[in-house]
Amino acid sequence: MIDTDLMLYVHIPFCVRKCAYCDFLSAPAGDAVREQYVEELCREIADYKGKAGHRPVSSVFFGGGTPSLLTGEQMSRILDTIRNCFTLTEDAEISMEMNPGTVTMENLVQYKAAGVGRISIGLQSMQEEELSLLGRIHDAHTFLECYEMARKAGFSNINVDLMMGLPGQKREALADTLKKVTDLSPEHISLYSLILEEHTPLYETYADSDKLLSQEEDRALYHMAVAMLEEKGYHQYEISNFAKEGFFCRHNEGYWRRRPYLSFGIGAASFFEEVRWNNTSSLSDYLAGDHAPADQEILTLKDAMEEFMFLGLRTTAGICRETFEEAFEEDYETVYGEVTRKLIAQGLLQEREEGGKHFVSCTGEGLDLNNLVGGAFLLEDGE
Amino acid sequence: MSDVDQSRIRNFCIVAHIDHGKSTLADRIIEKTGLLTSREMQAQVLDNMELERERGITIKAQTVRIIYTAKDGKEYILNLIDTPGHVDFNYEVSRSLAACEGAILVVDASQGIEAQTLANVYMALEHDLEVFPVINKIDLPSAHPDEVKEEIEDVIGLEAQDAPLVSAKNGIGIDEVLEAIVEKVPAPSGDPDAPLQALIFDSVYDSYKGVIVFCRLKEGRIRKGTRVRMMATGAEAEVVEVGYFGPGQFIPCEELSAGLVGYFTASIKNVKDTRVGDTVTDAANPCAEPLPGYKKVQSMVYCGIYPADAADYTDLRDALEKLQLNDASLKYEPETSIALGFGFRCGFLGLLHLDVIQERLEREYDLDLVTTAPGVIYKVYKTNGEVIELTNPSNLPDPSEIEHMEEPIVNAEIMVSTEYIGPIMQLCQERRGKYLSTEYIETTRALLKYELPLNEIIYDFFDALKSRSRGYASFDYELKGYEPSKLVKLDILINHEQVDALSFIVHADGAYERGRKMCEKLVNEIPRHLFEIPIQASVGGKIIARTTVRAMRKDVLAKCYGGDISRKKKLLEKQKEGKKRMRQVGSVEIPQSAFMSVLKLDNDD
């Protein structure tokens with residue numbers, strides 16, 4: 001594999017209250033536990049000192065949970081530890097997620113000072129009834145205040161997270177949310193079609209409900225949203241991600257391009273030198289110092305090629321055949337020529353040439369049926 | 001051992017409606033006579049097939065010899081012959097009854113007489129058995145034994161005032177039952193020195209001993225070395241071992257003589273040679289006449305059974321072969337379906353029998369199966385005079401070659417609370433029933449008699465009956481015979497291709513309704529594809545119903561970041577695996593569940 005930069009992910013598993021749709025590893029916790037956790041994170045990060053070789057770190061991402069539950073001091077302690085143990089590139093992208101219901105001006109200033117350059121605000125919707133359906137702790141007004149504060153604090157790279165395809169969602173409601181958000185002109189917008197996860201309150205309430213949108217209704221909303229966002233200058237670069245020119249999220253792209261990443265905190269997933277592993281998902285084990293990699297999965301060439309395809313085809317740019325051949329020293333035509341042509345014939349994929357290189361990417365329909373496309377690139381054993 | 005004193009032998013069985021406590025009572029009797037401690041009795045000794053225990057029904061007849069010292073101080077041999085508890089096995093029941101002189105009728109003290117109670121009592125009386133009632137579950141708060149006693153006297157005409165009141169579950173009143181057996185069941189008669197005449201009432205296959213034949217000796221004696229002949233099948237063999245039944249074990253003995261119940265083995269390879277109801281005699285000194293009542297068992301219900309994975313075909317064949325060793329009523333022959341590949345057309349005594357075999361194949365042989373809709377045997381009279389017994393709808397000749405068709409009809413008895421008579425009559429009406437009569441058992445309960453086509457009751461009649469009566473209906477039936485009927489073949493087309501495994505025979509008047517339901521059901525079973533898929537029902541080339549599976553519009557995970565990648569891969573693999581398990585018909589992939597789901601088309605939908 002080509003030598004590339006390294007990315008880091010830090011998981012903050014705390015939140016004020018669990019949202020109705022959430023199946024992530026997060027839960028409310030007190031100050032003391034949070035402090036203990038930050039201490040343990042720093043110890044875990046320090047464990048990796050010198051182990052990632054000379055790879056420069058070009059991106060750090062704080063996800064959750066609600067990372068904005070950390071104090072500015074805690075944030076700066078973690079980032080200092082990272083700087084101590086790794087080499088950050090000059091222009092490293094340092095992002096953190098934020099719940100508008102948890103933000104203070106004081107914290108924002110401190111995050112900025114600690115080195116955070118990009119923030120991602122979990123808004124989900126500008127409609128009050130949708131926010132309450134999702135079990136969010138904030139209202140639309142709180143978001144507006146938070147957004148304004150972030151700008152005042154000097155953040156010039158802001159993402160707003162939105163959700164669509166909510167039970168009973170009307171076209172006008174989504175259009176209104178999109179209009180209000182694009183009017184603020186954030187640099188980046190993520191728009192996620194709701195996944196009803198089992199064992200969540202939302203699932204219990206709506207799993208058998210006729211309010212759930214049909215495939216047709218969901219896609220009608222999605223297509224409308226994509227068109228609206230493109231019109232406002234947000235380019236779709238992945239199924240759920242839209243950004244102004246120059247503001248694509250480097251960290252996210254890294255996942256779809258199979259860049260290596262080390263992750264810290266409970267349940268965090270790492271990918272390094274063709275091995276994937278997870279941290280323990282037990283908070284008490286983690287706090288007791290359990291940093292051992294679990295569920296370790298050593299990827300074969302077959303696994304790697306499959307991932308390259310089904311991850312890369314999430315992006316609108318798609319995959320580059322030459323990059324594939326360089327990375328795996330395999331002939332693209334031999335491995336995937338036939339299935340590529342079949343999917344092109346079905347109208348799910350398209351090809352283009354750019355600067356002498358050959359790209360394969362999803363059509364609009366291919367993005368809607370991305371699992372079907374991705375699944376087609378799984379190889380038979382022994383192939 | 002000299003001849004056993006016949007006056008000390010009692011051969012009896014227990015009959016009851018399902019769930020009235022037959023097997024529990026049998027357990028208590030065995031326990032009481034000291035053969036096993038209650039700890040050793042792993043729940044119900046007699047129902048020893050795992051499936052039987054789960055379902056609370058007896059599928060195979062089980063038999064046990066008990067030594068009981070009665071109040072008169074004498075020792076008696078009690079042979080308990082437990083009978084299968086389901087209408088599918090009526091013939092087996094009748095042969096077990098024929099091996100007895102008496103029957104205990106168990107009636108639930110809260111529920112009173114039910115449809116099967118009557119059917120079983122009448123059958124026992126037909127065999128000239130001495131029947132005496134026992135009232136069970138008397139310790140339940142809802143018990144009303146006095147009323148039940150009256151009911152028994154009024155409805156069946158059996159003396160019931162001194163019927164033992166028992167709780168088989170808690171061991172109350174078991175002594176009285178044992179005394180009643182000694183007192184009321186007549187001792188057997190029969191001459192031990194006459195030529196051998198024994199009734200086969202069951203047989204099991206043992207991989208070491210071959211077939212173990214369960215029989216009741218009516219005349220003569222049998223011992224090791226006797227050369228026996230099965231009079232109906234003509235099979236002959238030399239007896240290797242004779243013995244009687246301990247609880248859960250075979251106990252060899254020197255000889256069995258007239259009046260006794262026991263078993264013999266003779267290195268017989270297949271239960272087909274030892275059919276239930278056949279008469280065993282001494283080849284060297286045969287009896288003049290076989291015992292009456294032998295019938296060759298007829299399959300009533302047929303369906304196609306296919307391996308979910310075509311590679312398991314030989315495993316399925318081996319499993320069927322093994323099951324048949326023990327179950328002569330199971331029939332199978334290879335067949336091929338365009339949709340399902342290689343499989344077998346199998347014949348069963350009834351729907352429960354089908355269910356049991358299917359479950360045993362899946363559980364004991366770990367097979368994944370696809371089963372087609374069960375059907376009955378139709379008689380097709382062709383214009384050229386030929387008569388076909390049709391078991392697979394695909395083999396129906398062209399309509400122009402058919403003179404007429406006949407279908408099997410049953411006489412059905414349904415016992416129901418009077419408040420549900422309306423809904424139940426409506427159900428029978430919908431199922432093309434011919435009303436015969438209503439008899440009031442007591443003010444709150446009635447016995448409805450109907451003639452019903454068998455093919456109307458094999459799908460979901462039981463379920464419909466239960467749901468429309470809130471569980472307060474019971475049901476029993478017996479085959480009446482064949483009658484002419486206006487039948488047509490209903491075909492299902494998926495994306496304009498006929499799927500043979502989904503065709504079936506239906507009455508012309510119900511074809512439209514049935515076709516519509518099939519289409520509605522299938523539309524939810526077939527996953528969306530990239531293109532729209534029409535599902536059509538057709539009769540004689542004419543489309544009578546249609547639904548459409550819409551094209552797939554969305555199959556995407558909104559989020560796929562660091563921690564989601566392994567999960568996403570698993571999802572994709574699962575989808576791929578799921579596809580592999582589907583059946584390809586033309587360009588459409590049909591999941592196995594689609595073939596199963598159309599078996600249950602509830603009328604209340």
Side-chain angles (χ1 to χ4, degrees), chain A residues 7 9 11 24-25 61 63 163-165 190-195 213-220 222 238-240 251-252 254-256 258 261 263 267-271 276-278 295 297 303 306-307 310-311 314 346-348 365-378 380, chain B residues 309-311 495 520-535 547-591 593 597 602 604-605:
Chain A
M7 318 201 295
Y9 175 83
H11 190 67
F24 293 162
L25 195 55
F61 195 102
M163 286 175 89
M164 55 146 284
S190 297
L191 174 67
Y192 300 107
S193 174
L194 173 72
I195 304 173
L213 301 191
S214 67
Q215 295 186 5
E216 286 80 5
E217 289 166 330
D218 178 279
R219 285 301 96 174
Y222 178 77
E238 192 254 4
I239 290 165
S240 305
H251 195 86
N252 288 354
Y255 290 134
W256 308 316
R258 305 188 78 245
Y261 51 94
S263 299
S270 298
F271 170 57
R276 295 194 180 277
W277 72 89
N278 291 315
D295 318 318
E297 190 190 350
D303 295 327
E306 291 170 349
E307 284 187 5
F310 75 70
L311 293 172
R314 290 186 65 88
Q346 289 176 331
L348 300 174
E365 207 184 346
L367 290 180
D368 291 341
L369 304 177
N370 199 258
N371 290 340
L372 195 103
V373 173
F377 287 94
L378 299 188
E380 292 302 323
Chain B
D309 183 344
N495 207 22
E520 281 169 8
K521 198 96 178 186
L522 283 168
V523 84
N524 294 318
E525 289 291 338
I526 295 174
R528 292 183 182 216
H529 283 54
L530 284 174
F531 44 90
E532 232 180 47
I533 303 166
I535 298 172
T547 53
T548 306
V549 179
R550 285 185 289 171
M552 180 165 42
R553 292 287 175 233
K554 182 194 176 194
D555 181 18
V556 56
L557 287 180
K559 273 185 196 225
C560 186
Y561 301 124
D564 307 318
I565 294 169
S566 299
R567 196 160 81 137
K568 162 118 179 169
K569 171 88 181 282
K570 285 196 183 89
L571 173 91
L572 295 180
E573 275 170 349
K574 209 174 128 196
Q575 286 187 346
K576 190 180 175 190
E577 201 46 47
K579 273 194 175 185
K580 269 194 197 161
R581 298 171 56 84
M582 289 196 207
R583 299 295 171 153
Q584 184 94 25
V585 174
S587 49
V588 180
E589 282 154 344
I590 305 175
S593 60
S597 70
D602 195 346
D604 296 333
D605 283 351

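Since the structure is predicted, the reported quantities are computational estimates derived from the model, not experimental observations.
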**Non-hydrogen atoms of B/Leu572 and A/Gly374 that approach each other most closely** = CD1-C, 3.9 Å
**Partner chain B: residue of A/Tyr222, A/Tyr9, A/Phe271, A/Trp256 with the largest heavy-atom pair count (under 4.5 Å)** = A/Trp256
**Asked** So B/Tyr561 and A/Tyr255, would you call those rings parallel, tilted or perpendicular, with 30° and 60° as cut-offs?
**Response** tilted
**SB check B/Lys554 A/Glu365 (cutoff 4.0 Å)** = no
**Message:** Tell me whether B/Arg553 is salt-bridged to A/Glu217, with the criterion being a basic N under 4.0 Å from an acidic carboxylate O.
**Reply:** no
**Asked** Are the side chain of B/Arg528 and the backbone of A/Gln215 linked by a donor-acceptor contact shorter than 3.5 Å?
**Response** no
**Asked** Is the NZ or CZ atom of B/Lys569 positioned over A/Phe310's six-membered ring, under 6.0 angstrom from the centre and within 45° of the axis?
**Response** no
**Request:** Enter the distance from B/Glu577:CD to A/Leu378:CG here, rounded to the nearest 0.5 Å.
**Result:** 11.0 Å
**Request:** Verify, without hydrogens or angle tests, whether A/Ser240 (side chain) and B/Ala558 (backbone) share a donor-acceptor contact under 3.5 angstrom.
**Result:** yes
**Request:** Heavy-atom distances under 4.5 Å only: say whether A/Ile239 touches chain B with side chain, backbone, both or neither.
**Result:** side chain
**Prompt:** Checking A/Arg276 side chain against B/Gly562 main chain: does a donor-acceptor pair fall under 3.5 Å?
**Reply:** no
**Message:** What part of B/Lys574 gets within 4.5 angstrom of chain A, counting heavy atoms only: side chain, backbone, both, or neither?
**Reply:** neither
**Message:** Between A/Leu191, A/Leu369, A/Asn370, A/Val373, who has the most heavy-atom pairs with chain B when the cutoff is under 4.5 Å?
**Reply:** A/Leu369
**Request:** Check step by step if side chain to side chain contact (heavy atoms under 4.5 Å, CB included) holds for B/Leu557 and A/Ile195.
**Result:** CA-CA 8 Å; B/Leu557 287 180; A/Ile195 304 173; 4.1 Å; yes
**Item:** Per-residue contact mode, A/Tyr192 against chain B (heavy atom under 4.5 angstrom)
**Value:** both
**Contacting region of A/Asn278 [heavy-atom separation from chain B under 4.5 Å]** = neither
**From CA spacing to verdict: salt bridge (charged side-chain N to carboxylate O under 4.0 Å, His left out), B/Lys559, A/Glu238** = CA-CA 10 Å; B/Lys559 273 185 196 225; A/Glu238 192 254 4; over 6 Å; no
**Asked** Do A/Leu372 and B/Val556 come within less than 4.5 Å of each other through their side chains, counting heavy atoms only?
**Response** no
**Request:** Go through the steps to decide whether A/Glu307 and B/Lys568 satisfy the test side chain to side chain contact (heavy atoms under 4.5 Å, CB included), and finish with yes or no.
**Result:** CA-CA 10 Å; A/Glu307 284 187 5; B/Lys568 162 118 179 169; over 6 Å; no
**Item:** Distance (rounded to the nearest 0.5 Å) between A/Asn371 CG and B/Lys576 NZ
**Value:** 14.5 Å
